Amino acid sequence: MAKAYEISIWEPNPGKSDEFMETIKSLTKAFVESGVSKVELLTGVAGKDVFRVVVIQHFKGLADNGAVNESIGDSAAMKAWREAHPGDFPGKIISHDLYQEIED
């Protein structure tokens with residue numbers, strides 16, 4: 001089964017970089033506790049995404065991605081995260097896409 005990846009690019013709001021990083025790191029933990037296999041955070045250092053944050057969520061496959069997305073909103077970890085982080089998110093999403101691994 002080919003692995004699947006949700007890849008999102010975020011831009012912290014002006015003057016909110018530290019708050020954004022704290023928030024996205026805590027969200028990453030909630031994702032994993034809610035069934036995402038692994039989450040990687042990258043920061044752009046050259047090219048069009050300088051100072052932006054790339055979030056790569058790993059899934060066992062497309063079916064796993066669908067199952068997690070169906071249930072993640074009701075997971076205890078996501079409910080707790082939303083309660084702990086009310087109000088405006090300190091960044092904006094630039095893109096959010098789903099990819100599938102190309103197998104040999």
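These figures come from a predicted structure and were not determined experimentally.
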Using side-chain contact (heavy atoms from CB on, under 4.5 Å), reason through F59 and K3 one step at a time and then give a plain yes or no. CA-CA 6 Å; F59 297 88; K3 293 179 182 175; over 6 Å; no
Between D64 and M1, does a side-chain contact (heavy atoms from CB on, under 4.5 Å) hold up when you go through it step by step? CA-CA 10 Å; D64 181 51; M1 171 180 9; 5.8 Å; no
Tell me, with the steps shown, if L62 and Y99 meet side-chain contact (heavy atoms from CB on, under 4.5 Å). CA-CA 9 Å; L62 291 175; Y99 296 86; over 6 Å; no
Kindly determine whether H96 and V55 satisfy side-chain contact (heavy atoms from CB on, under 4.5 Å), including the steps that lead there. CA-CA 9 Å; H96 179 83; V55 179; over 6 Å; no
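W81 and V68 fall within a single hydrophobic cluster, where Ile, Leu, Val, Met, Phe, Trp and Tyr side chains are chained together by heavy-atom contacts under 4.5 Å. Follow the hydrophobic side-chain contacts under 4.5 Å out from M21 and you reach F31 in the same cluster.
Residues I93 and S8 meet the side-chain proximity criterion, which asks for heavy atoms closer than 4.5 Å. In this structure, the side chains of I7 and V54 come closer than 4.5 Å at one or more pairs of heavy atoms.
In this structure, OG in S17 is found 9.5 Å from CD in E11, a value given to the nearest 0.5 Å.
Closest non-hydrogen pair, S34 versus A30, comes out as OG-O, 2.7 Å. Heavy-atom minimum distance, G73 versus R82: O-NH2, 2.9 Å.
Panel note: side chain S71, backbone A67; a donor-acceptor pair is recorded below 3.5 Å.
You'll find the ring centres of W10 and F89 inside the 6.0 Å limit.
Looking at residues two or more places apart in sequence or on another chain, you find a side-chain contact (heavy atoms from CB on, under 4.5 Å) between A2 and Q100, E101, E103.
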Let me have the donor-acceptor pairs involving side chains of residues 38-50, under 3.5 Å, with sequence neighbours excluded, atom names and distances please.
| from | atom 1 | to | atom 2 | distance (Å) |
| --- | --- | --- | --- | --- |
| E40 | OE1 | H58 | NE2 | 2.6 |
| T43 | OG1 | R52 | O | 3.4 |
| D49 | OD1 | R52 | NH1 | 3.1 |

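Donor-acceptor pairing under 3.5 Å is recorded for the side chains of H85 and S26. No side-chain donor from either of E19 and N13 sits under 3.5 Å from a side-chain acceptor of the other.
For the side chain to side chain contact (heavy atoms under 4.5 Å, CB included) criterion with Y5, the lone passing option out of N65, L98, I56, D97 is I56.
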